[in-house]
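The next block holds one structure in the form of structure tokens; read it before the comments.
Side chains included, hydrogens not; waters and symmetry mates left out as well; all remaining heavy atoms used.
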Amino acid sequence: MAQCVQSVQEYIQDSFVPMVAVLCSEDAERVTRKNSLSFPELLRPFCRLTSEGHLRDPNNQVVVVKGLRISVTGINTRPPQTPEMQRLLSQAVSVCQPPEVSPANVITAGDYDLNISDRTVKASVPWYSDWKETLTQLSSSKYYTATTPWFETYRENFLQSMPASEHEFLNHYLACMLVVSSCEAVPTERFLKLSQEQHRIQHSGEYTHPKWFIPNTLKYYVLLHDISEGDEQRADSVYEDMKQRYGTQGCYLLKINSRSGSTGADEQMPDPWSQYLHKTSIHNPELYEESAVSNAVENNIDVPLVFADGVSETHPLQLDQPTDAGYPSNNASQSVNNVDMTRPQKQASVTSHTTPTPRGTCLTLNDHDHIRQFIQEFTFRGLLPHIEKNIRQLNDQLVSRKGLSRSLFSATKKLFGGGKVPEKSIAELKNTAGLLYPSEAPELQIRKMADLCFLVQHYELAYNCYHTAKKDFLSDQAMLYAAGALEMAAVAAFLQSGAPRPYPAHYMDTAIQTYRDVCKNMLLAERCCLLSAEILKSQTKYSDAATLLIKMTSEDSDLRSALLLEQAAHCFINMRGPMVRKFAFHMILAGHRFSKAGQKRHALRCYCQALQVYKGKGWALAEDHINFTIGRQSFTLRQPDNAVAAFRHILINDSKQSAVQQTAFLREYLYVYKSMSQVTGDGSLPQLPLPCLHSSQTRVFCGHERRLAEGEKQAATHVSLDQEFDRDLSQLWRELEERVVAVVNRGAVPITFQPSQCCLNSQTDNLRYPLAVVEEPIIVEVVFRNPLKVPLALSALCLLWKFTPKDFSDPQGSTTMALNGIIDTQVIPEFTITPEETKVARLKLLPHKTGELHVLGVVYNLDTGEVDNSEGSLAEDLMCVRGQQNLEIQGSRLNMTKEEKTSVTYGPDHRLDPIITPPMPLLEVFFINFPTGLLCGEIRKAWVEFVNMSAVPLTGLRVASTHPEFFTFGSAASDLTPVTPTAAEHCSAYKTVAMPPSVETVSLVSPAAFGVTSGDRPVVAEIPLSQGVLGPGEALQIPLWLRGPDREGVHEINFLFYYESTEKTAKLSHRVLRHTAFICASRSLSIRATASRSNTLHSRERETEERQEEEEKNGSMLVFVDVENINTSEAGVREFHIVQVSSSSRQWRLHKCINPVGDKDSKLASRERGKLCFKATRCRTEEGGASSSRAHTQIISTTPCADFFFRRGLPSEPRRGGVSTGGASQMWRQSGTDDGVTNIVKKCSEVELDIIVLWKAYVVEDNKQLILEGQLHVALQTIGKEACSLSQKEGCTDMKILETQEMVLLKFKPDIPPPVSKPSLEQLSHLIKTCLHYPESYDHPFPQKSLCMVPVTLTLSNCSLAQVDVIVDLRHKTTSPESLEVHGSFSWLGQTQYKLQLQAQEVYRLSLKACFFQAGVYNLGTPRVFAKLAQTSAMCETSQQSAMPALIIINSV
């Protein structure tokens, strides 16, 4: 149970107090009415004694009475009948409500923190002065939890309205005060009349009520003196006469009204009556009206009758005469004043709207003390002696009648020490609820004595008497009397000081069961339950208390059941191990019963408290039910905001309800929402919960919409909302844009550079304000999700925005522009979302002015999406509501500074806050005849068209690409450029010029002429415009040459078109247009090239000595080109023709075609291979050149052949141009390091010769033969190392090197200097070039001369740029038979080992002699040459590559 203000002892003592009747004269009533009070009301705040009272029991032992309270009421106060009692109790509970705003009272129960609103607690204190202190002590108590003052109010009113019963005497009158005014003519006569009237009421038998405790009722005579009017001396004399007549202990002079009502009215006097009078009256008219409406109308609840179940007409607690005949009437002769409990309620609707009447206006604090002293005198000198005397009399009567010993004390052992009489169970007893004892029956005398002892707190004697009476009643099977004795015996046993015996809870259980099941008296059963539950709670037996309270719930009274269920819920939460879910469950039950009882506010409070437990714990259905009920109750109580919030929770969560139930929830919400909007009537649109709006997924697109392709035209893809965001791709576009901006700004990117972002989403950088252009649409993509299983119909959907006009061209930023037609807002008339669907809405804004735009949210009408033809459009309008949802986006988390890393802070997200800038040019790019598939190396012509769609001219048109080797632009002045794209179908990329076959043609070409500078690929290309400007609406068409990528597969090629406005604006400096093309490359030819040194000299050509030395010094080389058709006829290719082989190098040129010889083209069908051999010689000049051999065409620099060659992808190693010999030697001498050694060694084997192969392919497509043209590039870098046009092998090698480097980096070692790269053995083996000069055949007469001497010249050529030490070894080291067989039996004569030193690029001739013993064929290539760089002493000599076999024929003549 909830914490109560009173302790259980105080509560029980206040529940059973001595009853005192009041009989007033008319004049006395008039005196008290000056204070707007009756005499009983005047005394009520002072009825609790502040000092102890004493009396003696029959054993002459002193009994101390502490904190005794007496009840003073009018003699004809009638208890309310059952319907009226129910109305009073319901009204009392309805009035007592928790405050609207109060400090949160949080109970920690297990893992839950329950926030239970608590009302200002009413402490039951003697008078107002202790109010604040008591409240402070209560609030600071550690046992202070949640209070339920409405339950205490109900309990107090219930006990006060209990009718008097025949089977108990606790609420029978013990005394009667006769009150007469001192201004009466003859007060004694008036006292006599009042005394006779009281005697007639009690003993005449005309009245069944009120009930009197004992026949000899105490009469106490009170003379009431009005100080402000009456004669005090006369009053004193009358009082002296009264003391002589009635005794000093039987009368009292009470002086009141020390001041008149008019004087001192301004002085504020305390009002101790406010907390006692009219507790059930209405202080809040709104509550009264609601409760009245609820009781009368809501749910058509009829107030149940308590005695409806099988109660006979002669029920002991029911009135014998239901009319007023059973009560003393209030006629003129007997002005009997009383508190009519029905009167304040009847007047409530009238008095509640006026200012409350002040009470006690004629009383001073001294008068308060007089009244308090009067009550004390009455109690101590009148009432307690009277009770003591009656206890003795009853004790004597019982002893004499039953023949017992002198008192019950001495008889306790005798009575209770023997064997117990077995009590029969309730089921065995017959229904004797109607059995009545005569008033003088001994059993009733015992009960009467027990009640007297109980009232004066003599609980031990009371318990003994109750126990004795219980046995007598059970033996007589008087079950009503027995139940009453059991109830009070249990209470008396609990209240005994020192607790000599445990609380007999089974007594209470038996009493409750008897009242309820046998006697059918729910009132007494309820009282018994309230008492027992309070006692069990005080003993922390919360589980038993909860069980007891739940048992008492029934269908006959919703109010009682609701209150008891709520108390049971509090019992569950106050246990040592709080049972929070049981608390919540029973709060739900209590709320349901409160609702049935018409207590809407209490029902709402119970549901709200239970929701704290169920919320967020996965109890989805329970949570929905609670929220639905809260919504309905709040709407009934005219709390539309709370109702809408509750229904909102049902709808926004992932509901597990059925579709039908969700439809009901949605309809209810729409109805409540519609009603709320009609009531409030303000212009602001409230927030709608449906559909769910995923704000973070909102995307914003600034810019023009993409144009569709027309015919063969293909528009640039640019950026659209249909494309998925790719972070890597976005970074690639940013880098491309930075490159273009850097080129435009002479190599440096400005600090204020902001990359263009047309489409903004959650992954883009939204820290800056996006820039949009006036007169260009802004599209906001909003993501809606319908969480329900029913469709939602949205209509009139549009964006909600705020706009601040600003003129960016004016430095002062004036805003004098007209506000009409600032922004065109698109409205979607209908937008239906199917059940559980996530749907995207794209809403457009078209700004017409410059300024700052802020998109705030979306506005729409919400409907259920179900069309019911029977109801028509009227019902549809009723269920359609208009509202909004805000787009609130949280920015990305900041993680730059230390403070940001250690805290959770989020940056701004400005994607919904675009700045509208002045007009800018708008470029559209169209591609004509743009292929989707090419052969590797194929060259195809397309057209590109640039169109300025805006009213502003554009300039500075540039294009950047990730694959600049893929395309090149033609020139309008070129001979090869057709006038129109249609004329270009059969246009060749090459111009054919007749040339002699197999003869070289040399032309000098500069890479700068093709946009290649500093050895880099040209990433940015400028597109020439006529006069540098493309005007509004103008278009420009230029040819676009494309070359198929060298690798097969699908290639993604990105173009970034950059352009500017002729008028520079501060906000937007440039604009870009993106295009992504996908090209599928098919296999064509695979070209492999190898270079090897030529071992022959030109002496046989009989050239002059100078020419021969120059050729020998410059050297020559053989180039083998291996061509393979690897096309698998997948594109209908029949055969390839090798048209031309060209070379490009700064050092070498193709000199002569050796194979094939003739004028025919080389044809290769599928999977065929051919080999071409060329002779290459060094260039005489240091300028670069291009040569062609095996050609019928000549390269023209304006054709795309040279463009694509110079734009080709360069290898990973940097390419070096021609370096003078002196420069290299100087570098070598200065460095003297191993790095210089490596460079020198590399120079020996480097070639740097590029081979360009032009081909034609014959393709059959759609029964037509087409001729495709293309070119492939091979870069020869090293002698003896094969180079391939397909770079897969090189790519694999690079990957392996990369993996090795990564593995090295993973080793955690201290930083050491990188290892010095040493030249490899292969590189060192190319230092010296050897060549043998000898006659091919030699005739020798062996019969005449057995030895044949042949002179042989060994030419050694130093290929490096440094001195080289050379060792020539002529000795045969091989001894195997195979070697002997190959070499034959010959030997070298003379010196067999030479040590030489060759200067840089020196040619040295060594004369040798070979000796043969017989005729035959011999291989002279046996000399072995070892070489090393002269200045590297630590390095060993390396064996040089041996020459090719040198065969000589020795003929015998």
Residues passing the ring-ring contact (aromatic ring centres under 6.0 Å, His included) test with Tyr769, sequence neighbours excluded, are His910
Which pairs, with at least one residue in residues 726-746 and sequence neighbours excluded, count as a ring-ring contact (aromatic ring centres under 6.0 Å, His included)? none
ring-ring contact (aromatic ring centres under 6.0 Å, His included) partners of Phe701, counting only residues at least two apart: none
Applied to residues 919-938, the salt bridge (Lys or Arg N to Asp or Glu O under 4.0 Å) test, sequence neighbours excluded, yields Glu938-Arg940
Sorted by chain and residue number, the side-chain contact (heavy atoms from CB on, under 4.5 Å) partners of Ala742 (sequence neighbours excluded) come out as Val749
Among all residues two or more places apart in sequence or in another chain, which pass the ring-ring contact (aromatic ring centres under 6.0 Å, His included) test with Phe946? Phe1057
Considering only residues two or more places apart or on different chains, which pairs with a residue in residues 911-923 satisfy salt bridge (Lys or Arg N to Asp or Glu O under 4.0 Å)? Asp909-Arg911
Sequence neighbours excluded, the answer for side-chain contact (heavy atoms from CB on, under 4.5 Å) partners of Asn948 is Pro921, Ser950, Leu954, Leu1030
Residue set satisfying side-chain hydrogen bond (donor to acceptor under 3.5 Å, both in side chains) with His1051, at least two apart, ordered chain then number -> none
Mind checking side-chain hydrogen bond (donor to acceptor under 3.5 Å, both in side chains) for Glu781 and listing every partner two or more places apart, or none if nothing turns up? Arg699, Arg842
Can you name the residues that form a side-chain contact (heavy atoms from CB on, under 4.5 Å) with Gln757, not counting sequence neighbours? Leu760, Thr764, Asp765
So, using side-chain contact (heavy atoms from CB on, under 4.5 Å) as the criterion, who are the partners of Glu775 when residues are at least two apart? His848
When you look at Arg739 and Glu735, which way does the salt bridge (Lys or Arg N to Asp or Glu O under 4.0 Å) test go after all the steps? CA-CA 6 Å; Arg739 289 187 184 181; Glu735 292 173 358; 5.4 Å; no
Hey, can you tell me if Phe1055 and Phe930 have their rings parallel, tilted or perpendicular (30° and 60° cut-offs)? perpendicular
